[in-house]
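Heads up: the structure comes next, in structure tokens.
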Amino acid sequence: QGFMVPKDLKVNKATELDGAEVCVQTGTTTELNLADYFRAKGMTFKPVVFENLEESKTAFFNGRCQVYTTDRSGLASIRAADAPNPDDYVILPDTISKEPLGPVVRRGDDEWFSIVKWMVYGLIEAEEKGVTSKNVDEMKSSQDPVIQRLLGVSGDMGTKLGLDNDWAARAIKAVGNYGELYARNVLPIGLPREGSNALWTNGGMMYAMPLR
Ligand SMILES: N[C@@H](CCC(=O)N[C@@H](CS)C(=O)NCC(=O)O)C(=O)O
């Protein structure tokens, strides 16, 4: 979670927000994190609270509050999609909570849950190993045992999932590895690949369980 402000406000970091009016959607963890953050810093704020997303965005862009807060991914998409002029707004560098996002499946379908979970790991492993939508076919002749298992050249991961051993190769070819997905969908809205969103090999928190 983070904060977005109009550039005109000339604020560079969250600790400069003492006394600010903050637009926030009620009933969210966002609302609770906001209160925790200001209390912990010994700062005050005036909540401007809304029942739904649409109202809270509109209020912010109409100047009803100086600050908007939600998940930083949400801030980036709201700035890209809803700001009259995205360049007039800045997302402050502070991250005040972890907001991990991922696929959701119906409870109780263990087979499908496994497939979706290992698919995400497979796409992350592919990124770490440099397997892309472009080179996945050539990579099948790689001597790296991890790549061989990922692409079903060795091991039987696909069979264990109730699929065939080409399961990951097919997905990588269709949509790209995790980095390609991120570059296509997330970079364009202005959320750089940094901090916890980076691969563990680049100091981030994104890593795959071993596929075997
Ligand atoms: N992590 C928070 C934030 C959730 C949140 O604010 N989601 C917004 C976008 S960032 C949303 O899509 N809301 C849907 C809606 O209210 O229609 C929570 O789960 O409480």
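Just so you know, ligand 1 is whichever comes first in the structure, and atom 1 is the first atom listed for that ligand.
For the side-chain hydrogen bond (donor to acceptor under 3.5 Å, both in side chains) condition, the pairs that include at least one residue of residues 194-212, sequence neighbours left out, are Glu128-Trp200.
The hydrophobic cluster of Met205 has no other members, since no ILVMFWY side-chain heavy atom comes under 4.5 Å of it.
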Show the numbers, then the answer: is there a side-chain hydrogen bond (donor to acceptor under 3.5 Å, both in side chains) between Glu31 and Thr26? CA-CA 6 Å; Glu31 191 181 21; Thr26 192; 3.2 Å; yes

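Taking the six-membered ring for Trp, Phe3 and Phe45 have ring centres at least 6.0 Å apart.
In this structure, Phe60 and Tyr89 have tilted ring planes: the angle between them lies in the 30° to 60° band.
Enumerated by chain and number, the residues approaching ligand 1 to less than 4.0 Å through a heavy atom are Gln25, Thr28, Thr29, Thr30, Leu53, Thr70, Asp71, Gly74, Glu99.
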Atom pairs and distances, donor-acceptor, side-chain atoms in residues 107-125, under 3.5 Å, two or more places apart:
residue	atom	partner	partner atom	Å
Asp109	OD1	Trp112	N	3.3

